[in-house]
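All remarks here apply to the structure that follows.
Per chain, numbering begins at 1; letters A, B, ... match sequence-line order.
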Amino acid sequence: MASLQPVRGTHDLLPDELRRHRKVIETARHVASLYGFDQVATPIFEFTDVFRRTLGDTSDVVTKEMYTFTDRGGEEVTLRPEATAGIARAFISGGLAQNLPLKFFTHGPMFRYERPQKGRLRQFHQIDVEILGVAEPQADIEVIAVGAQILDALGVRDKTMLELNTLGDAESRDAYRTVLVEYFSDHKDALSDDSKNRLTRNPLRILDSKDEGDRRIVADAPLFPDYLTQAATEFFADVTGGLDALGIAYTLNPKLVRGLDYYGHTAFEFTTDALGAQGAVIAGGRYDGLIGTMGGQPTPGIGWAGGIERLAMLIAEPAADARPIAVIPMGEAAQAVGLKLAADLRHAGHRTDMGYRGNLSKRMKRANKLNAHAAIIIGDDELAKGVATVRDFDDGEQSEVPLEDVVASLAQEG
RNA sequence: GCGGGUGUAGCUCAGUUGGUUAGAGCACCAGAUUGUGAUUCUGGGGGUCGUGGGUUCAAUUCCCAUCACUCGCCCCA
């Protein structure tokens, strides 16, 4: 039994759950297409270096969460922990710099070796949008707007809030990081163990610590806006101005820091308090340095990823699939007629189920369980008259319809 | 990776202060109804009480380990 369990943190997607996923994906794909995003798909694994180089050697994702293995050819490969690195790699290997700007939508499984929790799995799924080749803040605005509209279309906008911050340009960030490290180093003894660790790896994170002692120290820490360059300040003002013009509400959160090294300027998260510790449903930011770091022609980029499982937990139950028609042939002679009729119905666009086994009562029960809206019964009596008995499951009415008219009669009702 | 909680039928859960054959509802199967579903009635199948070890005359119950789930931390979608 134990060996028949799915691997920890992985999940089977059975019809009801997959229907929710599909709703998220289809909604996102549709809204993204309204904004001009084209769907792409990249491999779910890459050479390990693709992630190690782009995400940063100190990020948690790289240091402890990657599914890395050696393949039969001796290559070290990694199941993708996120989508952006793969898209950036595809951009470079495919020579797509000729076609800028590019707007991509993608979705699929991601893998991180983490301890599972609600809304947090080892294999999980994301929707993702990226804009490549636009350095202007209009891209930031558009990327946030498409996220907001997707949440709207999913009916979960009122369960989320948009948190926004700027990480500034490299110059701003380096300056701030330096004073921050100085400040926290002076208080190092009072910091929590986690934050001592963060001091070397990602000092900005200390600002967001949940430890009470840390918070007291953070309260008097230098503030980032004081270290933003004029250009970075203006850039961010353009972004917030655009969101204001679109009527997209946001909360400025100076403590919002992204964990991956490649982010700069705009950082944002759509968060919810409905999923316990996992608040972010969509999160992203600008990564102007990423493609250059990977060895491509320096190209600005911005995008976000949304957790499908997390969104799927927030949305209302999706509408059920179309109700089928049940074709029930009784007896050998009817079998062939039923088979042909079912085929005709399917070609006419009806979802159709064939009742193969058991007496009529049993087949009717199965049809009812499938939530069929009608049953078409064909037995010896019907064959002799060249008709089928069509029974409506909702009102219990039934009538005999000439075989050749069955498809048309159902089309009228539908 | 760290700390807490929980594992009894397919699902939701009772129960056993350690003692003969472990229960309910829902679901499933069959019959009432060999050509008519949902309702109803009757019957049935299904559990190594997560797994392994220990204590005991006796363990589903107590102890330890392990696995899974879950909540929080780290981090993140």
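Here, B:G47 and B:G35 have their C1' atoms 40 Å apart, quoted to the whole Å. Going from the C1' atom of B:A65 to that of B:C71 covers 23 Å, rounded to whole Å. To the nearest whole angstrom, the two P atoms, one in B:C26 and one in B:G43, are 14 Å apart. Straight-line distance between the C1' atoms of B:A58 and B:G54: roughly 15 Å, to the nearest whole Å. Between B:C28 and B:G37, the two P atoms lie 16 Å apart (nearest whole Å). For B:U70 and B:U16, the P atoms lie 28 Å apart once the distance is rounded to whole Å. Here the separation of B:U21 from B:U12, taken at their C1' atoms, is 25 Å to the nearest Å. On the P atoms, B:A22 is 27 Å away from B:A30, given to the nearest whole Å.
As a whole-Å value, the separation of A:Ile206 CD1 from B:C74 C1' is 14 Å. Per the geometry, CD belonging to A:Glu269 stands 9 Å off C1' belonging to B:A77, to the nearest Å. Atom CZ of A:Arg115 is separated from atom C1' of B:G1 by 9 Å (rounded to the nearest Å). Between the CZ atom of A:Arg8 and the P atom of B:C69 there is a distance of 6 Å, given to the nearest Å. Rounded to whole Å, the distance from CG on A:Asn359 to P on B:U34 is 7 Å. Regarding A:Ile328, its CD1 atom lies at a distance of 8 Å from the C1' atom of B:U36, rounded to whole Å. Per the geometry, CG belonging to A:Asp353 stands 18 Å off P belonging to B:G37, to the nearest Å. Rounded to whole Å, atom P of B:A77 lies 10 Å from atom CZ of A:Arg120.
For B:U36, the OP1/OP2 oxygens have no side-chain nitrogen or oxygen of A:Arg363 closer than 4.0 Å. Put simply, A:Gln117 has a side-chain N or O that comes within less than 4.0 Å of OP1 or OP2 on B:G72. One finds no side-chain N or O of A:Lys362 lying less than 4.0 angstrom from the OP1 or OP2 phosphate oxygen of B:U34. Listed pair A:Lys365 / B:G31 fails the phosphate criterion, with no side-chain N or O lying under 4.0 Å from OP1 or OP2. OP1 or OP2 of B:C75 has at least one side-chain nitrogen or oxygen of A:Arg198 nearer than 4.0 Å. The side chain of A:Ser361 contributes an N or O atom lying less than 4.0 Å from OP1 or OP2 of B:G37.
Note on A:Asp128: nothing from the nucleic acid sits closer than 4.0 angstrom, heavy atoms only. Counting non-hydrogen atoms under 4.0 angstrom, A:Ile127 reaches nothing in the nucleic acid. Looking at heavy-atom distances under 4.0 Å, A:Gly396 makes contact with a base. At the heavy-atom level, A:Ala305 lies under 4.0 Å from the strands shown only through sugar-phosphate atoms. A:Gly9 comes within 4.0 angstrom of sugar-phosphate atoms only, judged by non-hydrogen atoms across all strands, and of no base. The residue A:Asp381 sits close to a base: some heavy atom pair falls under 4.0 Å.
In this structure, B:G72 forms a base pair with B:C2, meeting either the Watson-Crick or the G-U wobble geometry with both donor-acceptor distances under 3.5 Å. Nucleotide B:U36 has no partner under the Watson-Crick or G-U criteria, as no pair reaches both atom distances under 3.5 Å. With a 3.5 Å ceiling on both atom-pair distances, the Watson-Crick or G-U wobble partner of B:G23 is B:C13. Under the Watson-Crick or G-U wobble criterion, with both distances below 3.5 Å, B:U66 is paired with B:G50.
Evaluated for a salt bridge (charged side-chain N to carboxylate O under 4.0 Å, His left out) with A:Glu114, the options A:Arg8, A:Arg120, A:Arg122 yield exactly one hit, A:Arg120.
Donor-acceptor pairing under 3.5 Å is lacking for the side chains of A:Ser192 and A:Asp211. Between the side chains of A:Thr84 and A:Glu130, at least one donor N or O lies within less than 3.5 Å of an accepting N or O.
If you check B:G35, B:A77, B:U70 against the side chain of A:Glu114, the one that comes closest is B:A77. For A:Leu360, whose side chain is taken as the heavy atoms from C-beta onward, the closest listed nucleotide among B:U36, B:C69, B:C74 is B:U36. Among B:G37, B:A68, B:G35, the nucleotide with an atom closest to any side-chain atom of A:Met330 is B:G35. The side chain of A:Asn368 approaches B:A38 more closely than any other nucleotide in the set B:U70, B:A38, B:G1. Relative to the side chain of A:Glu65, the nucleotides B:A77, B:C29, B:C75 differ in distance, and B:C75 lies closest. Out of B:A77, B:G3, B:G35, the shortest distance to the side chain of A:Thr389 is found at B:G35.
By the 4.5 Å heavy-atom criterion applied to side chains, A:Thr10 and A:Leu121 are not counted as neighbours.
Note on ring orientation: taking the six-membered ring where Trp is involved, the planes of A:Phe270 and A:Phe268 are perpendicular (angle over 60°, cut-offs 30° and 60°). By the 30° and 60° cut-offs, the orientation of the rings of A:Phe111 relative to A:Tyr67 is perpendicular.
One finds a salt bridge joining A:Arg286 and A:Asp140 here, because a Lys/Arg side-chain nitrogen approaches an Asp/Glu carboxylate oxygen to under 4.0 Å. Checked for salt-bridge contact, A:Arg323 and A:Asp394 meet the test: a charged N lies under 4.0 Å from a carboxylate O.
Heavy-atom nearest nucleotides on RNA chain B were determined for A:Asp208 and for A:Ile378, and the one closer to the 5' end corresponds to A:Ile378. Positionally, the nearest nucleotide of RNA chain B for A:Glu382 lies more toward the 5' end than for the other of A:Glu382 and A:Glu309.
By the 5.5 Å and 30° criteria, A:Phe393 is not stacked with the base of B:A38.
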Inset, instruction - Verify ring-ring contact (aromatic ring centres under 6.0 Å, His included) between A:His125 and A:His21, making sure each step is shown before the conclusion. - result: CA-CA 9 Å; A:His125 300 79; A:His21 279 224; 5.7 Å; yes
